[in-house]
Amino acid sequence: MTFNDLELINPLMRALGDAGYTKPTPVQERAIPHVLAGRDMVACAQTGTGKTAAFSIPLLQNLHESGKKRKNIRALILTPTRELAIQIEQSLTDYGKYLPLRHTVVYGGVSQNPQVSKIRKGIDILVATPGRLLDLMGQGHIHLNNLEVFVLDEADRMLDMGFINDVRKVIKVLPKKRQTLLFSATMPGEIQDLAKKLLHQPVKVEVTPPSTTVEKIDQSLYYTNRPDKRKLLLHLLKEKNIGSALVFTRTKHGADKVARFLSKSGFRATAIHGNKSQNARQKALSDFKRKKITVLVATDIAARGIDIDELSYVFNFDLPEVAETYVHRIGRTGRAGNEGSAISFCDSNQKSELKGIQKLINNRLNVVSEHPYPMTDSEEQPKASGGRGGKRKPKRNFKRRSSGSNKRHSGGRYKN
Ligand code: AMP
């Protein structure tokens with residue numbers, strides 16, 4: 001299927017050509033015709049599947065074609081993090097470059113004045129994070145009474161991050177007659193309940209993350225002692241001559257410590273997390289993309305929405321508490337057909353997290369035992385099979401999709 005088959009208007013086709021897209025991704029193929037037809041939709045799709053374009057492109061087309069000129073906001077895209085909000089707005093700019101529709105983005109942590117003045121001038125599409133949106137609504141700067149389309153993006157993350165009540169407050173003020181699109185990587189019970197209330201006879205779209213992504217990623221595991229993790233990371237960065245790596249830590253403090261240690265050891269490293277100002281986070285991201293920084297150390301929330309096509313290494317300095325987060329993290333590498341490596345460290349306190357991850361992906365990570373900092377503080381010394389392969393033969397390979405399951409998150413919260 002091509003974008004032509006989706007009956008997109010010329011200004012969109014030109015913009016997609018400029019972006020270098022040749023054919024729609026599976027979620028785009030399935031979602032775009034229904035969204036164009038005005039249907040409500042619930043889509044199970046995660047970052048990296050092309051979901052932003054799946055809702056942005058038909059949204060732009062519908063708003064343009066219906067041609068109403070209103071001062072009030074016609075479409076709202078609600079997303080959990082500032083980074084995602086900025087990226088979605090950038091997508092609207094890219095795909096909508098030949099259309100006269102106006103859009104802007106609002107998020108917290110920065111002055112509201114420039115945001116308010118853009119809204120005052122009149123916009124068609126607003127991209128927002130929940131807190132700042134409610135704030136500006138409360139102050140009377142934003143009115144959603146003429147809303148035609150509501151997109152709820154990354155609904156499961158909203159739940160994880162404790163934003164779901166804010167989302168409910170927003171929903172309460174939306175006009176009843178509207179089109180609603182809900183996107184979520186997973187469908188925990190609470191999101192299913194929300195979807196039932198929110199959507200009217202929705203079309204259901206479910207896509208697996210591109211299997212090649214997970215298939216192509218070399219996933220290895222290093223058992224080590226907690227205090228040795230930084231030295232092991234440094235050793236691997238040097239040994240493998242790694243030019244660019246994203247390192248995940250569980251806490252902000254941990255991210256800072258790792259970045260400082262690497263900087264002292266001569267690497268260009270920076271940490272991004274929720275305590276950093278928005279400007280500092282954006283700068284770190286763009287420095288990383290432009291290879292001015294070699295190692296970006298991030299917490300999960302800060303890393304949401306990071307989209308770097310040529311990332312070849314992801315390190316799980318700490319294993320995530322929520323198993324599905326592992327899949328999100330490693331999905332940052334191996335994009336756009338590139339090969340990728342995900343290297344995980346496991347200390348003696350993280351064995352249950354490891355178990356959860358291996359259960360979710362239905363496979364064992366390849367244990368590398370030949371390294372200078374093996375685990376010594378555990379009675380149970382894990383065995384490796386020649387540096388590759390786990391203790392037991394894998395039940396199956398990585399082809400299985402692992403993040404679209406209906407499993408509820410285990411209640412773990414990201415410490416950002
Ligand atoms: P998303 O899942 O929305 O975060 O998109 C992931 C990445 O895929 C982004 O870098 C998009 O620019 C890119 N992308 C989206 N749709 C397509 C397409 N049809 N062809 C090529 N790249 C795409």
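Indexing begins at 1, ligand by ligand and atom by atom, following the structure's order. Just so it is clear, the model here is predicted, and its values are computed rather than measured.
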N/O donor-acceptor pair under 3.5 Å between K229 side chain and F317 backbone: yes
T294 (side chain) donor-acceptor with F267 (main chain) under 3.5 angstrom: no
D5/K23 ion pair, N-O < 4.0 Å: no
Any N or O of K51 closer than 3.5 Å to N or O of ligand 1: yes
R14 to Y98 six-membered ring, cation-pi geometry met (6.0 Å, 45°): yes
Residues K197 and D193 bridged, charged N to O under 4.0 Å: no
Atoms in ligand 1 with a heavy atom of G50 nearer than 4.0 Å: 1 (P), 2 (O), 3 (O), 5 (O), 15 (C)
Selected option - heavy-atom contact closest to atom 3 (O) of ligand 1, from T52, T25, V27: T52
Numbered atoms of ligand 1 (with element) below 4.0 Å of F3, judged on heavy atoms: 19 (N)
Test item, K23 contacting ligand 1 (heavy atom, 4.0 angstrom): yes
Proximal candidate to atom 18 (C) of ligand 1 [heavy atom criterion; set F55, F183, Y21]: Y21
